[in-house]
Amino acid sequence: MEQTEMMLKISDLSVYYGPICALKKVDLEVRKGEIVALLGSNGAGKSTLVNTIIGLLHAKRGKIEFMGRDITRQKTETTIQSGISVVPEGRGMLANMTVMENLQLGVYRHKGVDFNKNLEMIFEYFPILKERQWQAAGTLSGGEQQMLAISRAIVGEPKLLLMDELSLALSPAYVDIIFKALIKLRNEKGFTILLAEQNAKKALQYSDRGYVLDLGETVLEGDARELMGNPYVQTAYLGA
Amino acid sequence: MESFIAQLINGLSTGGIYALIVLGMNLLMLVRNIVHHSFSHICVLNMCIGWLAFGYTQNVLLAFLAMFACGVLVTVATEPLFRPLSKRGADLETIVLAMGVGIIITEIIAQLFNNGQMMTFSDEMRVLNVGFSFGTVTFSLANIVALVACIVVAVFLVWYLFKTANGRAMRAMAQNLRVAKMLGVPFGKTGVLGFGIAGLLSACIGIICIMCLGYANAEMGDTFATKAVILMLFAGQGDIKGGILSSILMGVVEAMALAYLPGRWTEAIFYGFIMIVIIIKPNGLFAKKAAN
């Protein structure tokens, strides 16, 4: 594990909303090919962390490195271009635009990727999107929208995928479909994934390692299996 | 019948001009979520610059070039004014700001161009101002050329917005700025690009107005602005295709009212029609059901 390339390294990161501290001295590492779960309840700072990584929010202290380069104060578009894609919280559909247009916008900053080839790959994974490609994204069902959000994020061949609340407002059956597709994609295409999730059970089931955030601080980190067995995680997040 | 056809062409070309102004304002609405009330003032300023440049150089091409330069420069120069307001999602303030810009431009035209007198354009500037006969009626070739020019410009802009990556990015910004940023759409650059294209469009509108109307004065900006803002609301804010259709419809209704109704009832009919639509369909005539 020590030899694998470091994808994302966050050290001593603090973020404030005005006087309110949203993230406090957070350290986090994601290595190449890993799926890392970022757990925590509502308001724990998961989305704040995701938004800070891509530069929509600015850190007061600390450092974010992506593939060895400091991206802490980089503009969002530059960070996206360097190979990070986001599946936004709430799916982030451009509802009045077609499925195809949503996918095309996925490569807006990723010049030089073979859009048509990736599109074929996506339609193989999610055939329903092929059928609906000329429909407005807002007319899709929740699960289909989540498929589109993932597809839009991977069509630009990112090196790192940030997923914010993938399972939110999805039926349990769909959550499994989505996660299984994700694992398959990771295994076949070698994506690295940081998964911000409230649904700790599902997230840990499908990831390699995990971090638990509470009130903006990292309270636990470790192997996904270990975390699943951890008594604190069980009482606080797994309802055991 | 001949006079009907003449009026129809007249109305279509006026409608075409409205359509381009509304299109420009919708473009600015997409990238900055503002109602750029002073867009038509910029179009009129372009006309004045064209008049001035022609006066000095006696060269139509140079005058048109000066209009393009003025359109792009002035429109892009207003972008930094709107950026901070747009960032914090201001609403009413942007309208006040845009009206302020419009008033300043109106004053500039009144003070600095032709001592505030109406500027009439020479036949060279009006290029195609030749009447031609159709049965018993004569009408200006300029109207038909204006109509064609409006169609060409509108088709190009719609193509740009719907079929190019930057156009899609602009529409994405309008729909959900946060998501657009997450996809890597740069807020600053895309906005400036939108303003630049709107500037080019403002020069095209100026040239078409010179051909069709043949004069310019300081008050023209206000007249156009009022109609354009109303047409925007009428079609549904940011609705590109709806804006074009309602503008053309309005131009025709106006021309017909002017020709066939006694007295000066054009304005009353124009606004009456719009009032009814706004009452019945508050989201605009062409508003789709909100997608969920």
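Reminder, nothing fancy here: chain letters follow the sequence lines and each chain counts from 1.
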Euclidean distance, B:Lys163 NZ relative to A:Gln104 CD, rounded to 0.5 Å: 8.0 Å
CE-CZ distance between A:Met97 and B:Phe162, expressed to the nearest 0.5 angstrom: 8.0 Å
Non-hydrogen atoms of [X] and [Y] that approach each other most closely:
| X | Y | result |
| --- | --- | --- |
| A:Gly106 | B:Leu183 | CA-CD2, 4.4 Å |
| A:Ala95 | B:Gln175 | N-OE1, 3.0 Å |
| B:Met182 | A:Ile54 | CG-CD1, 3.8 Å |
| B:Arg178 | A:Pro88 | NH2-CB, 4.4 Å |
| B:Ala165 | A:Tyr108 | O-CE1, 3.6 Å |

At a 4.5 Å cut-off on heavy atoms, which part of [X] comes close to chain B: side chain, backbone, both, or neither?
| X | result |
| --- | --- |
| A:Asn51 | side chain |
| A:Glu101 | both |
| A:Leu56 | side chain |

Among the listed options A:Leu162, A:Leu94, A:Thr76, A:Val86, the residue most often paired with chain B at heavy-atom distances under 4.5 Å: A:Leu94
If you count heavy atoms of other groups shown closer than 6.0 angstrom to [atom1] of [X], is the number above 12?
| X | atom1 | result |
| --- | --- | --- |
| B:Met99 | CE | no |
| B:Glu93 | CD | yes |
| A:Met6 | CE | yes |

B:Thr190, part contacting chain A, at a heavy-atom distance under 4.5 Å: side chain
Full working for side chain to side chain contact (heavy atoms under 4.5 Å, CB included) between A:Arg91 and B:Val179: CA-CA 9 Å; A:Arg91 304 189 281 268; B:Val179 171; over 6 Å; no
A:Glu77 bridged to B:Lys189 by N-O distance under 4.0 Å: no
